[in-house]
Amino acid sequence: MRITLPDGSVKEYNQGISVGEIALDISPRLRKAAVAGIVDGEMVDLSYQPRDGASVKIVTEDTEEALSVIRHSAAHVMAQAVSRLFGGVKLAIGPAIDDGFYYDFDLEHRFTPEDLEAIEKEMQRIVEQNLPITRAEVSKSAALEKVRSAGQIYKEELISDLEGDHVSFYSQGEFEDLCRGPHLESTGRLKAFKLLSIAGAYWRGDERNKMLQRIYGTAFAKRSDLEVHLARLEEAKKRDHRKLGKDLDLFSLHEEGPGFPFFHPNGVIVWNELVNYWREKHAAAGYVEIKTPIVLNRSLWENSGHWEKYRENMYFTQIDEQDFAVKPMNCPGGILVYQSSLHSYRDLPIRCAELGLVHRHEKSGTLHGLFRVRAFTQDDAHIYMRRDQVQDEIIGVIDLVDSFYRAFGFPYRVELSTKPENAIGSDDIWDLATDALRGALEARGLDYRVNEGDGAFYGPKIDFHLEDCIGRTWQCGTIQLDFVMPERFDLTYVGEDGRKHRPVMIHRTVFGSLERFIGILIEHYAGAFPVWLSPVQAVVIPVTDMHHAYAHSVARELAEAGVRCRVDDRNEKLGYRIRDAQLLKVPYMLVVGDNESSSRSVSVRSREHGDRGSVPVESFVKTITDEIRTRSGVPQKR
RNA sequence: GCCGAUGUGGCUCAGUGGUAGAGCAGCUCACUCGUAAUGAGCAGGUCGUGGGUUCGACUCCCACCAUCGGCUCCA
């Protein structure tokens, strides 16, 4: 029989040859590295026997596909270990995920960190036993019989929901699990894994269902890959904005205001720098800026649909026996500004920005530092325009967002979210809006993913997911196209024909939330902000108290040039003060002693590169002010 | 909201039925120092909050709050 290989070559084999044997035939080394195969586009086990005419590709352990096989098998090995150690455990699901794998268990006993160690040891034993992993197909009814008699109620539910009349089981030693596969050929092939954490998870992700216990772990082809991954986790922990926010005295959170962050003087500097930058770019892009109130009357929210569609997330209050709501979004307020005067078609588009503080009631368990809060400042804008301007305006926003992310060194990914279940407005309007967004993305040649049903209740949206320098992604910017609010609020402009027409609206953000964006920046830069964002840009360190006067004169000169600068004239050794500044991630340390004071110079030490030697004060001022003005500095990709 | 864990001075953590301890930070003093921690001294805590058990609770029990890891949700 004939088998086609990825290079297009065709080989002749006997009927019944397995993928593994084909790999061996090609080369023993390939066989050794093989973990699975891809036959006619389907991932299969090494034991799979392709049919005549099939095309076969060997999946080797250094590939992304291999990783998911390895992790899936690791999940099975973990389930086997748990089954050995804890009688009566019911197995739910155990897939491979982006960074590893998990398995959900239903068990009376609550897993503890010590249990993880024991489970890991048992897994090691299973690996050492090198149990062959074999696949068996059984009829659905036999499968149901099998899991029912074993009391595996979750498997029973899974099988009942599966299409087709046959299902497959994989077994290794005494352990057997419903699974589509593929899997490693034996447990001995599992070389590098680690269990990481225990968490609760609802059966099938539905909060009405029973809460199961999930164990997360990760696995790699090689020990060294696992170590790199664990080091990355460590690195992420070091960069945690909650820790750095405390260390660098940027912000704090208090029991008195869960989810309501407090910004300290250092944090406010970062905030204001970002806002300055934002204002500059928006003014240049033709935006005006407004400010609207935080508390507004119920009738406005009824009109906008928030009262009906968004109430669970809103805070309320009463004023003079009337219901008011704390705004969860800025649009209704912004619309009142639009309505406060007549608009000509000549005025459009109106690009109206607002740094609006919104409050949303998030469930208590979801709060997380600055990433998930209950009050945040959206860098919002609403663009009111004619229909013929829609495409250009969307493209304009895409370009603006792009230029912002570029400045911080964030690569990003784009997603298009379509009509959700709780939408308001007709299908026609939704189709129109969705097509417009799609059209703009395509006009810009951007790749995007579609998120069915994930739009806002009043319109579809484009989301920007940016990637920080250790590879995590965050949703920040969004562009939402809205035909519904203009209708609800009866927005109009006067057209060329002298008659009233309906404008279209775009809601958009770049940072998303200032709070979250600052959190992301903290982690992205690991707290070492570029000079323009640094709370303290330079610290002058006199060698002894003989040099205090000179140090202060240098600091004065820097301050006059607009540099945020401090003198550390504490009675401590030079090394101590250097270390202190270094830990506070001050970009420049300026050591001044006899040599410097006699020549009006500073000895420059950079946060990144250490001692740079002496330069005249004047030239340092030029260097640092240039760096600030151009807002340079993008972190190294790791 | 749900499951699990945690909560001790500004920070990091030890303590575990007999009314709290370290390091760092802070303050004072000495040292006057050249690129990541000089030394000595002082001060600082109703042990998350509220109940209960006990002769006695930071320690045991209950409730609540907050935080952390997830689930769900989302900027």
Handout entry: His524(A) side chain vs Phe408(A) backbone, donor-acceptor pair below 3.5 Å
Key =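 Yes, His524(A) side chain to Phe408(A) backbone: donor-acceptor pair under 3.5 Å.
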Problem - Check: Leu296(A) main-chain N/O paired with Trp301(A) side-chain donor or acceptor under 3.5 Å - result: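 Judged by distance alone, yes, a pair lies under 3.5 Å.
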Exercise for the section: Return the 5'-most residue of the pair Gly257(A), Val604(A) with respect to RNA chain B, ranking by each residue's nearest nucleotide. Expected result: Val604(A)
Completion exercise
Sorted by position of nearest nucleotide on RNA chain B, 5' first, the leading residue of Leu574(A) and Phe111(A) is Phe111(A)
Does [N] have its OP1 or OP2 closer than 4.0 Å to a side-chain nitrogen or oxygen of [X]?
{"X": "Arg577(A)", "N": "C33(B)", "answer": "no"}
{"X": "Arg570(A)", "N": "G26(B)", "answer": "yes"}
{"X": "Tyr576(A)", "N": "G39(B)", "answer": "no"}
{"X": "His368(A)", "N": "G69(B)", "answer": "yes"}
{"X": "Arg242(A)", "N": "C68(B)", "answer": "yes"}
{"X": "Lys246(A)", "N": "U12(B)", "answer": "yes"}

Any protein N or O atoms within reach of nucleotides 73-75 of chain B? Criterion: under 3.5 Å, listing atom names and distances.
{"residue": "C73(B)", "atom": "O2", "partner": "Arg372(A)", "partner atom": "NH1", "Å": "2.6"}
{"residue": "C73(B)", "atom": "O2", "partner": "Arg372(A)", "partner atom": "NH2", "Å": "2.6"}
{"residue": "C73(B)", "atom": "N3", "partner": "Arg372(A)", "partner atom": "NH1", "Å": "3.1"}
{"residue": "A75(B)", "atom": "OP2", "partner": "Lys461(A)", "partner atom": "NZ", "Å": "3.3"}
{"residue": "A75(B)", "atom": "O3'", "partner": "Gln475(A)", "partner atom": "O", "Å": "3.2"}
{"residue": "A75(B)", "atom": "O3'", "partner": "Gln475(A)", "partner atom": "NE2", "Å": "2.7"}
{"residue": "A75(B)", "atom": "O2'", "partner": "Gln475(A)", "partner atom": "O", "Å": "3.4"}
{"residue": "A75(B)", "atom": "O2'", "partner": "Arg516(A)", "partner atom": "NH1", "Å": "3.4"}
{"residue": "A75(B)", "atom": "N6", "partner": "Glu362(A)", "partner atom": "OE2", "Å": "3.4"}
{"residue": "A75(B)", "atom": "N6", "partner": "Arg372(A)", "partner atom": "NE", "Å": "3.1"}
{"residue": "A75(B)", "atom": "N6", "partner": "Val373(A)", "partner atom": "O", "Å": "2.8"}
{"residue": "A75(B)", "atom": "N1", "partner": "Val373(A)", "partner atom": "N", "Å": "3.3"}

What nucleic acid atoms does [X] come within less than 4.0 Å of, heavy atoms only: base, sugar-phosphate, or nothing?
{"X": "Tyr102(A)", "value": "nothing"}
{"X": "Gly593(A)", "value": "base"}
{"X": "Arg110(A)", "value": "sugar-phosphate"}
{"X": "Leu367(A)", "value": "sugar-phosphate"}
{"X": "Glu596(A)", "value": "base"}
{"X": "Asp580(A)", "value": "nothing"}
{"X": "Asp594(A)", "value": "base"}

Taking [M] as the reference, what is the distance to [N] when you measure between their [atom1] atoms (whole Å, please)?
{"N": "A30(B)", "M": "G17(B)", "atom1": "C1'", "result": "45 Å"}
{"N": "C42(B)", "M": "C2(B)", "atom1": "P", "result": "50 Å"}
{"N": "U12(B)", "M": "U54(B)", "atom1": "P", "result": "37 Å"}

[X] bridged to [Y] by N-O distance under 4.0 Å:
{"X": "Lys238(A)", "Y": "Glu234(A)", "result": "no"}
{"X": "Arg413(A)", "Y": "Glu415(A)", "result": "yes"}
{"X": "Asp161(A)", "Y": "Arg204(A)", "result": "yes"}

Handout entry: Base of G39(B) paired with side chain of Glu572(A) (donor-acceptor, under 3.5 Å)
Key = no
Handout entry: No-H, no-angle donor-acceptor pair, Tyr202(A) side chain to G70(B) base, under 3.5 Å
Key =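 A donor-acceptor contact between them is absent.
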Problem - Pairing string, 5' to 3', for RNA chain B - Watson-Crick or wobble contacts under 3.5 Å, brackets [ ] where pairs cross, | to another strand - result: (((((((..((((....[..)))).(((((.......))))).....(((((..]....))))))))))))....
Problem - Atom CD of Glu608(A) with >12 non-hydrogen neighbours under 6.0 angstrom - result: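 Yes, the 6.0 Å shell around CD holds more than 12 heavy atoms from other groups.
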Exercise for the section: Under the side chain to side chain contact (heavy atoms under 4.5 Å, CB included) rule, what do Ser403(A) and Lys281(A) come out as? Steps first, then yes or no, please. Expected result: CA-CA 9 Å; Ser403(A) 75; Lys281(A) 297 205 43 135; 2.8 Å; yes
